[in-house]
Amino acid sequence: GGEGGAREAGRDRRRGRGVGAVGAGVVGGPMKVDVVGVGGRRPGRGETATGGTFAEGRGGKGANQAAAAARLGARTALAAAYIASGRASEAESVLRPALKRKGGRDQGAVQAAKLNSALLKAMSGNEAAALKALAALAASPGSKGLGDTFAIDRAILELRAGRPAKAAQEARALLVRHPDEPRLHFILGKAALARGDTQAARASFRSAVGAEPDFARARYELALLYIAAGEWQSAREALSRVTALDPEFADAHARLGVV
């Protein structure tokens with residue numbers, strides 16, 4: 001955990017090696033809000049005990065480890081996942097200080113923070129603000145070499161903003177350079193559905209699954225197409241795979257109960 005990593009780094013510093021000997025690193029893990037309830041006593045077996053105090057705090061093992069390493073002097077980047085909910089703004093508020101840093105060795109962290117900020121806006125349903133933030137980021141000097149990464153994110157945001165034709169146009173251009181990128185095939189599948197072309201949609205979703213067999217959302221879209229066509233066995237197989245890949249996919253469970 002984060003505390004263990006901090007203790008190890010602290011021992012290294014006391015021994016004279018210092019965190020600088022470690023250099024830099026990337027921590028992959030969640031960033032979230034921890035919910036803590038404190039009771040006056042330990043409940044007995046089967047007993048429900050009320051809590052005395054309640055508190056919330058920013059946490060997540062990934063964020064804790066990255067923060068501990070950075071405070072001890074290491075150059076640290078955090079690759080984190082966010083839950084798309086109303087609490088996403090709290091994660092964005094943590095990233096905001098990094099946006100104020102300028103140049104030098106912090107530039108990579110600044111770029112990552114800006115990208116996370118743009119995506120958090122999208123999670124909150126503000127695709128217009130997210131597209132604007134993403135465009136500004138793509139045009140910045142520190143984003144050299146990341147053009148296609150931002151372009152894929154922009155195509156996804158265009159789709160979420162209700163502009164499937166625009167999203168499909170960008171996805172087709174990107175597929176020339178990234179023919180095995182599953183998200184681009186998924187975008188084309190959704191765009192085909194928007195214009196009523198179910199055959200093209202099938203082909204695109206199958207390409208997405210071919211490129212990424214664990215792409216649960218693409219398999220779910222295929223299942224919906226099978227249901228619409230009365231292909232019940234194919235629908236059951238697709239939905240069973242979706243629920244195995246993502247046990248919390250509620251819509252897939254509901255559809256599987258029907259077919």
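In what follows, residues are counted from 1 in the order of the sequence shown.
- Residues Leu224 and Leu193 form no side-chain contact, since every pair of their non-hydrogen atoms from C-beta on lies 4.5 Å or further apart.
- Between the CD atom in Gln169 and the CD1 atom in Ile187 there is a gap of 12.5 Å [rounded to 0.5 Å].
- Summarising the geometry, atom OG belonging to Ser207 is positioned 11.5 Å from atom CG belonging to Leu184; distances are rounded to the nearest 0.5 Å.
- Formation of a donor-acceptor pair under 3.5 Å by the His185 side chain with backbone atoms of Pro179 is found in this model.
- Across Pro247 and Ala244, no two heavy atoms sit closer than the pair CD-O, 4.1 Å.
- The shortest distance between side-chain heavy atoms of Thr243 and Leu239 does not fall below 4.5 Å.
- For residues 215-239, every residue pair satisfying the salt bridge (charged side-chain N to carboxylate O under 4.0 Å, His left out) rule, not counting sequence neighbours, is listed here: Lys190-Glu221, Arg202-Glu231, Arg217-Glu221.
- Residues satisfying the side chain to side chain contact (heavy atoms under 4.5 Å, CB included) test with Glu170, not counting sequence neighbours, are Arg154, Ala155, Glu158, Lys166.
- Taken to the nearest 0.5 Å, the CZ atom of Arg183 stands 5.0 Å off from the CD1 atom of Ile152.
- Contacts classified as salt bridge (charged side-chain N to carboxylate O under 4.0 Å, His left out) and involving residues 242-258 (residues at least two apart or in different chains) are not found.
- A continuous path of Ile, Leu, Val, Met, Phe, Trp and Tyr side chains, each step under 4.5 Å between heavy atoms, connects Phe186 with Val209, placing both in one hydrophobic cluster.
- Once rounded to the nearest 0.5 Å, the distance linking CG of Leu159 with CD1 of Ile156 reads 8.5 Å.
- Every pair passing salt bridge (charged side-chain N to carboxylate O under 4.0 Å, His left out) that includes a residue from residues 206-216 is listed here, sequence neighbours excluded: Asp214-Arg241.
- For the atom pair CG of Leu225 and OG of Ser234, the computed distance is 11.5 Å after rounding to the nearest 0.5 Å.
- Contacts classified as ring-ring contact (aromatic ring centres under 6.0 Å, His included) and involving residues 220-239 (residues at least two apart or in different chains) are given here: Tyr220-Phe249.
- Closest approach of Pro164 to Ala194, counting heavy atoms only: CG-CB, 3.7 Å.
- By the side chain to side chain contact (heavy atoms under 4.5 Å, CB included) test, Arg172 pairs with Ala168, Leu188, Arg195, sequence neighbours left out.
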